[in-house]
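Everything below concerns the one structure shown next.
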Amino acid sequence: DIDHVYEALLNTSLDIDLLEPESPLDDIWIKEVLKKSGKKYKRAQLKQEKVRENKDAVRRPEADPAFLIPRFPVVTIMGHVDHGKTTLLDKLRKTQVAAMEAGGITQHIGAFLVSLPSGEKITFLDTPGHAAFSAMRSRGAYLTDIIILVVAAEDGVMKQTVESIQHAQNAQVPIILAINKCDKPEADPERVKKELLTYDVVCEEYGGDVQAVHISALKGDNLMALAEATVALAEVLELKGDPTGLVEAVVVESRTDKGKGPVTTAIIKRGTLRKGAVLVAGKSWAKVRLLFDENGKTISDACPSMPVEIIGWKDLPSAGDEILEVESEQRAREVVDWRKYVKEQEKMKEDFKVIETKRKEHEDSRRRAWEKLGSLQWKEREYIKYQDIKKLQNVKPKEKIEDLNTLPIIIKGDVDGSVEAILNVINTYDAADECKLELLHFGVGDINENDINLAATFNAVVYGFSVNASKVIQQLAVKKRVRIKLHNIIYRLVEDLQEELSGKLTPSV
Ligand code: GDP
């Protein structure tokens with residue numbers, strides 16, 4: 001009941017001041033709850049006035065293809081657990097570090113860039129569970145250009161292999177097959193390729209366009225061939241990016257660094273990110289203080305496809321959040337305020353739903369209780385009636401109960417109104433008089449057998465107002481020595497009653 005609802009209210013973050021004027025909750029009811037909670041109630045006209053126009057940051061329209069320049073691919077490695085994804089990523093990362101001058105420190109920041117001797121580059125996403133990939137997928141924007149599907153040569157296609165393929169197909173991201181653990185004697189790469197045909201992953205030798213590379217992540221065998229296959233596919237895809245204008249990027253990882261504060265790793269989608277840029281992501285914003293690469297080196301700028309660590313966030317954005325550059329800090333604050341407000345509204349709507357459900361439950365249980373009570377009362381009435389009839393049928397008058405001080409009567413009238421009028425008169429009868437009127441029964445309708453039986457039992461007089469007593473009833477009355485008195489004028493009936501009373505007082509016998 002109401003306590004339940006009250007609890008529900010307390011469990012929500014509902015700020016009473018924020019109640020929407022168009023809330024479906026009815027005022028009275030909510031006041032009842034709020035009175036109990038001790039919270040103040042006022043509907044939010046104020047807030048309503050404050051409803052701002054949408055001031056969210058917006059993505060720029062698609063760039064003119066003429067201004068686009070080639071960019072390198074962003075790659076996600078997917079596959080079944082234990083098939084060697086981590087080993088492969090580590091090897092790729094280390095190869096890169098080894099190729100650089102000493103002092104490079106590899107740290108896991110969610111993405112890293114690999115430069116090939118040919119000068120080509122590949123960005124690898126290295127996020128746990130590919131959170132960023134999924135988050136972006138659900139928004140219809142994809143961070144990944146190519147998926148490297150790792151399948152262990154001795155194990156073949158497994159559950160997560162199939163899931164990865166479905167991911168790729170749903171997102172329409174092309175696959176490169178990395179058949180791993182080829183160093184193992186039991187490795188059977190050809191079996192893997194055959195198995196994959198079932199899932200519409202058709203390798204080149206079967207007439208499809210999926211490149212398959214036999215590798216050993218553990219030994220580092222053929223990793224260059226894998227990288228070259230990736231570059232070749234990127235060329236076919238003709239990946240282009242727009243290095244100008246306001247930056248658009250995606251958060252791939254987010255953490256709080258002791259020294260740097262909130263840090264994100266992002267992949268640039270568009271524009272060129274530089275120090276001093278003002279960014280918004282989720283409900284946070286940043287004035288970019290520093291940019292780092294995955295080796296912890298500061299960089300001056302980051303162009304499309306590049307992974308970059310961004311320092312300068314006020315709060316921590318989430319992996320998968322889209323980063324948009326805005327013109328000014330003022331604008332960034334506006335955007336974040338707006339987003340918080342929208343979120344607040346959504347939360348409120350959720351809270352209202354909870355309360356509304358509780359209210360309905362409360363109402364329902366009340367209605368059910370009333371229905372139950374109603375039928376109970378009805379049953380009780382029926383039962384009492386039944387008892388009356390039983391009583392009347394069973395009681396056999398052994399002797400007449402004569403009480404000189406009471407006059408038992410039964411009153412029958414034609415309509416409720418007349419019966420009521422007579423009862424009113426009886427009520428005004430002065431009980432101080434020595435003889436009491438005893439109303440045994442009253443009702444609407446002609447005088448019937450029950451009336452006569454009842455009257456016979458208690459030696460009562462049956463008064464009828466504008467009703468009939470049939471021949472049969474009259475004969476029964478005579479037989480049982482019951483007197484029936486029929487009247488059509490109320491005051492006559494009353495006079496009659498008074499005469500009866502005085503007759504009792506002065507027994508004529
Ligand atoms: P993940 O779960 O897909 O990330 O798989 P891991 O990279 O953690 O690899 C799982 C196990 O397979 C580890 O014991 C690796 O050492 C081993 N492994 C990975 N790649 C190879 C490989 O090319 N050859 C062999 N023999 N073992 C490998």
Side-chain angles (χ1 to χ4, degrees), residues 73-99 105-114 116 122-135 137 143-171 173-196 198-199 201 203 210-230 252-253 255 265 267 294 307 319-320:
V74 177
V75 176
T76 299
I77 293 177
M78 296 182 100
H80 193 72
V81 66
D82 274 351
H83 278 198
K85 299 180 294 293
T86 313
T87 309
L88 177 58
L89 278 163
D90 282 352
K91 213 48 147 214
L92 289 166
R93 198 191 283 117
K94 276 186 194 131
T95 311
Q96 186 58 20
V97 173
I105 21 146
T106 323
Q107 55 168 340
H108 170 89
I109 62 162
F112 61 92
L113 189 66
V114 166
L116 307 186
I122 304 168
T123 292
F124 285 97
L125 279 183
D126 180 13
T127 56
H130 311 290
F133 181 83
S134 304
R137 216 171 72 77
L143 193 55
T144 306
D145 302 305
I146 294 168
I147 286 173
I148 291 183
L149 180 66
V150 176
V151 185
E154 92 286 24
D155 232 10
V157 174
M158 306 292 280
K159 188 165 169 276
Q160 285 155 312
T161 314
V162 177
E163 284 171 12
S164 302
I165 294 168
Q166 281 162 354
H167 262 289
Q169 287 169 344
N170 291 339
V173 177
I175 287 174
I176 290 176
L177 180 60
I179 303 178
N180 192 31
K181 306 198 186 182
C182 285
D183 58 291
K184 285 194 165 185
E186 65 269 39
D188 188 355
E190 297 313 315
R191 198 193 85 202
V192 173
K193 289 182 211 172
K194 267 190 213 133
E195 279 177 356
L196 285 171
T198 323
Y199 303 97
V201 177
C203 293
V210 175
Q211 304 178 76
V213 187
H214 301 193
I215 63 161
S216 166
L218 193 68
K219 300 199 160 168
D221 291 348
N222 242 4
L223 299 194
M224 194 48 73
L226 181 63
E228 275 160 8
T230 308
V252 292
E253 228 173 67
R255 66 198 166 88
T265 300
I267 300 224
E294 72 276 10

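The figures that follow rest on heavy atoms only: side chains count, while hydrogens, waters and symmetry mates do not. Counting convention: from 1, in listed order, for ligands and their atoms alike.
The CG atom of Leu196 sits 8.0 Å away from the CD1 atom of Ile175 when rounded to the nearest 0.5 Å. In this structure, CD1 in Ile147 is found 11.0 Å from CD1 in Ile77, a value given to the nearest 0.5 Å.
Between the side chains of Asp155 and His83, at least one donor N or O sits under 3.5 Å from an acceptor N or O.
Sorted by chain and number, the heavy-atom contacts of ligand 1 below 4.0 Å come from His80, Val81, Asp82, His83, Gly84, Lys85, Thr86, Thr87, Asn180, Lys181, Asp183, Lys184, Ser216, Ala217, Leu218.
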Using salt bridge (charged side-chain N to carboxylate O under 4.0 Å, His left out), reason through Glu190 and Lys194 one step at a time and then give a plain yes or no. CA-CA 6 Å; Glu190 297 313 315; Lys194 267 190 213 133; over 6 Å; no
Verify side chain to side chain contact (heavy atoms under 4.5 Å, CB included) between Cys203 and Leu177, making sure each step is shown before the conclusion. CA-CA 8 Å; Cys203 293; Leu177 180 60; 3.7 Å; yes
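For Thr87, the side-chain contact (heavy atoms from CB on, under 4.5 Å) partners at least two apart in sequence or on another chain are Ala217, Leu218.
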